[in-house]
Amino acid sequence: MASKQRAIYWDTSVFLCFLRRHESERRAICEDILRHARDGKVALYTSSFTVTEVIKPLRMETTGPRPLSSDEVEDLQGMFHWPWLKKIALDHRVAQDAVNLGLHFALTAAEAIHAASAIVAKVDVLQQWEWSAALEKVNRLVAVEAPRMLTYGVTHRSGSKGNFFENLHRARAASAR
C-alpha cells in the first residue's frame, strides 16, 4: 500500500526567507522542500493571498526598509506559476473561515487567511518562519511548525550549480531553444 503524500502549506514568511540570499541555512531548508515538491514527493500549498503579500518592502537597510527590486518581484511572481505549487483561492469561504479564526484566536488578518487556507486544503502542516503565539493556538486545527529539511544526510551545494531560481531560469532557457 502506497503511503500518503505529505501536504505542506507555506505562509508568506517562508517564501520571503527563500528569496533572501543571506539566509543560507534557512534558505537551504526551503530549497530542499521545493525540490521535494517539484519531484512530487510532497504536496506544497499556499494561498493566492501570498502572491500579493510577498510584494512589500522586505529588508531593513541602514536607511530603512527598501522595496523589492524588479528582479526579485519577477522571481517571486514566477514562483506562483510553478505547476507543483498548489494555490488555495482566497474565495468567500476561505475569507469567512479566516474571519472566524481571527476572532476566535486573535489572529491578524494575514495569519487568519493562511490558517483558513491551510485548513481548507486539509494539509498536514502549516509552515512558517515568523513565530506567532496567536498562530500557534490553531495547532489543534492544523499543525504549525518551522520548515525543516526533508532530505537527511544530503547537502545541496548551491555555489557552483547556482541557486534554485538560477537552475529554473537555466532550464527554462534551455527548453525555449
How many angstroms lie between [atom1] in [X] and [atom2] in [Y], if you round to the nearest 0.5 Å?
{"X": "L126", "Y": "Y45", "atom1": "CG", "atom2": "OH", "result": "13.5 Å"}
{"X": "T12", "Y": "E130", "atom1": "OG1", "atom2": "CD", "result": "8.5 Å"}
{"X": "Q128", "Y": "E136", "atom1": "CD", "atom2": "CD", "result": "6.0 Å"}
{"X": "T151", "Y": "I29", "atom1": "OG1", "atom2": "CD1", "result": "11.5 Å"}
{"X": "N100", "Y": "I119", "atom1": "CG", "atom2": "CD1", "result": "10.5 Å"}
{"X": "I33", "Y": "R148", "atom1": "CD1", "atom2": "CZ", "result": "8.5 Å"}

Cluster overlap I8 with V138, hydrophobic side-chain contacts below 4.5 Å: no

Quick check: is L85 connected to V120 through a chain of hydrophobic side chains (ILVMFWY, heavy atoms under 4.5 Å apart)? no

| task | Assess the side chains of E111 and S132: does a donor N or O sit below 3.5 Å from an acceptor N or O? | result |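 Yes, a side-chain donor-acceptor pair sits under 3.5 Å.
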
Main chain of [Y], side chain of [X]: is a donor-acceptor contact present, judged purely on distance under 3.5 Å?
{"X": "K87", "Y": "F80", "result": "yes"}
{"X": "D11", "Y": "S13", "result": "yes"}
{"X": "N139", "Y": "V144", "result": "yes"}
{"X": "S117", "Y": "I113", "result": "yes"}
{"X": "Q77", "Y": "V51", "result": "yes"}

Quiz item: cation-pi between R38 and W82, 6.0 Å / 45°: no

Practice task
Would you sort out whether R6 and V125 count as a side chain to side chain contact (heavy atoms under 4.5 Å, CB included), showing the intermediate values?
Solution key: CA-CA 9 Å; R6 186 167 191 231; V125 64; 3.3 Å; yes

Looking only at non-hydrogen atoms, find the nearest pair between [X] and [Y] and report the distance.
{"X": "A37", "Y": "L44", "value": "CB-CB, 3.8 Å"}
{"X": "H104", "Y": "R140", "value": "NE2-NH2, 3.5 Å"}
{"X": "A134", "Y": "A106", "value": "CB-O, 3.6 Å"}
{"X": "S47", "Y": "H114", "value": "CB-ND1, 4.3 Å"}
{"X": "V54", "Y": "L16", "value": "O-CD2, 3.7 Å"}
{"X": "V42", "Y": "L150", "value": "CG1-CD1, 3.8 Å"}

Hits for side-chain hydrogen bond (donor to acceptor under 3.5 Å, both in side chains) against S48, two or more places apart or cross-chain, chain-then-number order -> none

Residue set satisfying side-chain hydrogen bond (donor to acceptor under 3.5 Å, both in side chains) with Q127, at least two apart, ordered chain then number -> W10, E145

Does a side-chain N-to-carboxylate-O contact under 4.0 Å join D124 and K4?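 So D124 pairs with K4 through a salt bridge.
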
- Message: Does W84 form a side chain to side chain contact (heavy atoms under 4.5 Å, CB included) with L34? I'd like the steps, not just the answer.
- Response: CA-CA 9 Å; W84 36 268; L34 288 170; 3.7 Å; yes

message = Between V14 and Y9, is there a side-chain heavy-atom distance shorter than 4.5 Å?
response = no

Exercise for the section: Before giving the answer on side chain to side chain contact (heavy atoms under 4.5 Å, CB included), spell out for L107 and L135 the whole-Å C-alpha distance, their side-chain angles and the decisive distance to 0.1 Å. Expected result: CA-CA 7 Å; L107 303 174; L135 195 53; 4.3 Å; yes

